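These figures come from a predicted structure and were not determined experimentally.
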Amino acid sequence: MSQELLHRIKKLNPHLVNQIAAGEVVERPAAILKELVENSLDAGALRIDVEVEDGGRALVAVHDNGSGIPYDDIPLAFERHATSKLSDQDLFAINTFGFRGEALPSIASISRTEIVTRTSEAEHAWKMTIENGVTSAISPYQASAGTSVEIRDIFYATPARLKFLKSATTELNHCKEMFNRIAMANPLVHFTFKSDGKIAFDLKKGSLTERVAQVMGNDFSKNTVPVFLQRQGYKLEGLISLPTYSKSQPSDQYIYVNNRWVRDRNVAGILRVAYQDVLMNGRHPMAVLFFGLDGREVDINVHPAKTEVRFRDLHFVRNFLIQGVKQSLQAAQHTSAPIMEDIIFGAFQTPQSPARNSFSGTKLNTNLSNKPILRDSYPSARPHPIAAFIKPSYGPSLELTSEPEATISDYPMGLAKTQLFETFIVAQTDDALLVVDQHAAHERVVYENLKAQWSSAGKLPSQPMLQPEYIELSETDCELFIENKDLFQEVGFIVDVYSSKTLVVHSTPISCHLNGSKEFIRDVLSDIKAIGEGVSAREVLWEKLASQACHNSIRAGKTLSLAEMNSLLRQMESTPKSAQCNHGRPTFVKLDKKSLEKLFER
């Protein structure tokens, strides 16, 4: 072929066009499952049965009891850019899942496809097959109302792409994950999932809470708090995990926009911000969140697989979502995850008759309560009656005043009884035993004191350095500091720009012990660059201060008097988020009296 002919513009063969589109839409069998199930939902199906073989590589089939496809429209369903779900005038108010008209023709171009469909008015069903782009004649078929689509031998027509599929087990796990994402958002639909002839999921219709428990498990339901916020046509609802119930990966974060699961960095970033100072570094919360808004306020047509979205007013949406999550975390700020209590009881061993107890093997059923330890209203958190003025060697003092006739009932966290290993405070309430990590608890108290100072004065107090400290930076980092100079001043840094690559530090925060201002400033600037638009510079700065507050706190290994222990308990009662330290570790666990009695077979 001559160079002249090679570079002439020509229209591509329709079959080749569909195969190219398949490269965008059909990444793996799970993508086919997604497109077919979403078509069933758009058809109003109340029951959807999914079947896969060999991880979906040999077969992906979806059967539904939806509205079906009229006879004349069956060939059109496999024509490129033909759809029943989008009007010519309303591209920016999309309320259906499939609307691009690419999925079915793309899927059919790389597989052996069969469709059987029947409307409720038709006397019988109709069947059509497509193989290698060739469509068979439509023939009568016996089937109930609805549509069944079977996709066999995926990528047989494009063997080069078949090599990129993973093992059957890996592809099956992707199919299951996709199935669960969709099923979770549609609790009024009965879903089943069959793999190689065996039922893996049978999700009966019910409430959203019931469906979430079916998919995520009962532990998730017990260790989460509800989210609900509605304003100006925007709505957020769902469940989020308590900070002490987290995972090492963000795999269990399900975020939906107008009932459509999305993998959007801006939306997912809200969880990082909302859990900013209550979650351990490297840990991720679990969440199922549904965000609803007018379809004209969001563009869902920015990705062929429709997993990304673009908001008209991203700033408002981001603030709205963060407020909704933070509001729920605030309501549960004194609650530790029940699973922590299960873990504690499971760790106990009895010296006699271990086989009679369930401590080695089966988890002990302790029937522990999920009620918050600290109530919203209780008798004023009066200090312990022992008069003292204690100044530990770390951080703010635990100040006590004399108040006679105090009883355990006066205090949500009870009264201290002893200290274990110079690390843990043991306290007793009316009906429970509390074990408090003194360092984690005081760390939260110190950090919340810093935030209270900043909130009341608009900045943290500074202390002058004996000698100014010079910091060498790149020009980019120096410019980034200049952009955020006011934020550093808010938290107590007085810094001048000495040159295009040099800063000079005159004062540092008086309330926060820093292990070198150079390292702190460099780390903050580095994090601001790494995180980008998802999190503000102020949030990054305060996250670093949360870590620094650790150095101002009572350390493990420090002996405390009974008065000091009680003073810390009283401060915890009046401190926000005191159930977790700044890094997300639990500050205390509760062991209720009834469960203790059961432990000793009383």
Side-chain angles (χ1 to χ4, degrees), residues 173-174 176-187 201 203 206-229 236-257 259-291 307 318 321-344 346 363 368 370 372 534-535 543 577 579-587 589:
N173 288 336
H174 282 288
K176 287 180 176 178
E177 175 66 15
M178 184 63 71
F179 174 85
N180 284 333
R181 288 173 189 165
I182 299 174
M184 193 130 55
N186 296 277
F201 301 105
L203 307 179
S207 68
L208 177 60
T209 302
E210 291 169 337
R211 178 57 56 84
V212 169
Q214 286 176 322
V215 175
M216 301 290 286
N218 289 326
D219 273 352
F220 175 80
S221 299
K222 290 191 299 182
N223 291 277
T224 55
V225 291
V227 175
F228 185 83
L229 183 63
L236 177 68
E237 61 181 328
L239 294 167
I240 56 173
S241 64
L242 290 162
T244 45
Y245 184 65
S246 60
K247 301 189 73 172
S248 59
Q249 298 294 329
S251 54
D252 283 336
Q253 294 179 358
Y254 297 86
I255 300 175
Y256 299 83
V257 176
N259 236 37
R260 182 192 303 275
W261 178 84
V262 297
R263 184 173 52 226
D264 186 90
R265 191 178 75 167
N266 288 315
V267 177
I270 67 166
L271 291 173
R272 185 186 185 281
V273 176
Y275 282 81
Q276 182 182 9
D277 59 2
V278 294
L279 199 61
M280 192 181 304
N281 187 33
R283 304 293 295 181
H284 301 272
M286 303 168 71
V288 178
L289 291 173
F290 296 88
F291 178 45
T307 56
R318 183 174 177 274
L321 296 176
I322 291 173
Q323 180 188 352
V325 176
K326 279 192 170 183
Q327 181 175 285
S328 293
L329 288 176
Q330 184 77 9
Q333 62 186 348
H334 294 135
T335 305
S336 186
I339 197 170
M340 298 301 301
E341 298 157 4
D342 291 342
I343 293 170
I344 292 296
K363 185 169 65 175
L368 296 174
N370 189 23
V535 179
E543 186 173 356
K577 305 176 185 176
Q580 303 89 33
C581 77
N582 310 339
H583 310 295
R585 294 187 295 112
T587 58
V589 292

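Smallest separation of non-hydrogen atoms from Val325 and Val227: N-CG1, 4.4 Å. Nearest heavy-atom pair across Leu208 and Met184 is CD1-O, 3.6 Å. The two residues Cys581 and Thr587 have their closest heavy-atom pair at N-CG2, 3.4 Å. The two residues Tyr254 and Arg181 make their nearest non-hydrogen contact at CE2-CG, 3.6 Å. Taking each heavy atom of Leu236 and Gly324 in turn, the nearest pair found is CD2-CA, 4.0 Å. The minimum heavy-atom distance between Ala213 and Ser221, with the atom names listed, is CB-OG, 3.4 Å.
At least one side-chain heavy atom of Arg211 sits under 4.5 Å from a side-chain heavy atom of Leu203. No side-chain heavy atom of Leu321 sits under 4.5 Å from any side-chain heavy atom of Ile255. For the pair Lys176 and Phe201, the minimum side-chain heavy-atom distance is below 4.5 Å. In this structure, Phe220 and Asp252 have side chains that are not in contact, with every pair of non-hydrogen atoms separated by 4.5 Å or more. Side-chain atoms of Tyr275 and Ile240, non-hydrogen and from C-beta on, do get closer than 4.5 Å to each other. The closest side-chain heavy-atom distance from Thr224 to Val288 is not below 4.5 Å. Residues Arg318 and Val273 meet the side-chain proximity criterion, which asks for heavy atoms closer than 4.5 Å.
The OG atom of Ser241 sits 8.5 Å away from the CG atom of Leu271 when rounded to the nearest 0.5 Å. With values rounded to the nearest 0.5 angstrom, Lys577 atom NZ is found 7.5 Å from Leu329 atom CG. Note that OG of Ser207 and CD of Gln214 are 8.5 Å apart. Values are rounded to the nearest 0.5 Å.
Of the possible polar contacts, one joining the Gln253 side chain to the Pro285 backbone as a donor-acceptor pair under 3.5 Å is found. In terms of modelled atom types and a separation under 3.5 Å, the side chain of Ser248 and the main chain of Arg283 share no donor-acceptor contact. Checked by atom type and distance alone, the side chain of Asn259 never pairs as donor or acceptor with a backbone atom of Asn186 at under 3.5 Å.
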